[in-house]
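What you see is a predicted model; the values in this text were computed from it and never measured.
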Amino acid sequence: MPIEGPIEGGVLKVRSLLERVVARAGADKKQAKAVMDAVLHELGASLSRGEAFILPPLGRAKVTLKGDDETGRKTLIKLRPATGGKAKAKKEGETPLAPAQE
């Protein structure tokens, strides 16, 4: 049975993510960890290269800023959550929050 509700402390960490993946998939924990580690590695590498991705149900992510400062390397990633299908039709007269290109 998948784990529902917010995680204690409000921060999802690898251990909790693995528990949720195992519960949702009904998978062997050792195999699930290997697959999850590989997926997280590939996502991190992709974002480090500045690649965008579209991965339902996670959503669409794109790197919008990369740089260094006195505290180290910084990367800003914008994530647009998946809508579960085509975007809802705009209501007549509705003003967008941001220009379409954002």
Side-chain angles (χ1 to χ4, degrees):
M1 180 62 126
I3 299 167
E4 300 293 334
I7 196 84
E8 185 177 329
V11 177
L12 181 63
K13 295 183 180 179
V14 173
R15 176 180 280 167
S16 298
L17 178 59
L18 178 59
E19 289 171 5
R20 288 179 176 201
V21 167
V22 168
R24 182 171 299 275
D28 172 75
K29 189 172 185 175
K30 187 175 180 179
Q31 290 177 332
K33 183 176 184 335
V35 171
M36 190 183 79
D37 287 346
V39 168
L40 292 175
H41 174 82
E42 290 303 321
L43 288 175
S46 177
L47 292 170
S48 292
R49 290 188 296 265
E51 298 171 342
F53 61 74
I54 301 170
L55 300 172
L58 178 63
R60 176 184 300 236
K62 110 179 181 181
V63 175
T64 60
L65 174 70
K66 287 177 74 170
D68 296 322
D69 67 8
E70 65 279 354
T71 63
R73 195 169 98 199
K74 303 240 180 215
T75 304
L76 178 63
I77 301 165
K78 288 188 177 180
L79 177 66
R80 178 177 288 168
T83 60
K86 292 188 176 185
K88 295 179 182 176
K90 241 182 4 179
K91 293 179 184 174
E92 192 173 320
E94 184 177 63
T95 305
L97 297 175
Q101 67 271 15
E102 285 193 36

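- When all heavy atoms of Leu17 and Leu12 are compared, the pair lying nearest together is N-CD1, 3.7 Å.
- What you find for Val22 and Lys29 is that their closest heavy atoms are CG2-CA, 3.8 Å.
- We find the NZ-CG distance between Lys62 and Leu47 to be 13.0 Å, quoted to the nearest 0.5 Å.
- Grouping the Ile, Leu, Val, Met, Phe, Trp and Tyr side chains by contacts below 4.5 angstrom, directly or via other members, places Leu58 apart from Leu40.
- Counting heavy-atom neighbours within 6.0 Å of Arg49 CZ, excluding the residue itself, gives a total above 12.
- In plain terms, the two heavy atoms of Pro57 and Ala82 that are nearest each other are O-CB, 3.3 Å.
- Within the structure, every pair that satisfies the salt bridge (charged side-chain N to carboxylate O under 4.0 Å, His left out) test and touches residues 35-44, not counting sequence neighbours, is listed here: Lys33-Asp37.
- Side-chain atoms of Val21 and Val35, non-hydrogen and from C-beta on, never get closer than 4.5 Å to each other.
- One hydrophobic cluster, built from ILVMFWY side chains closer than 4.5 Å, cannot hold both Ile77 and Ile54; they sit in different ones.
- Nearest approach of Gly59 to Leu79, heavy atoms of both residues: C-CD1, 4.3 Å.
- The hydrophobic cluster containing Val14 does not contain Val39, counting ILVMFWY residues as joined when their side-chain heavy atoms lie under 4.5 angstrom apart, directly or transitively.
- Contact between Lys74 and Asp69 at its shortest, heavy atoms only, is CE-OD2, 2.9 Å.
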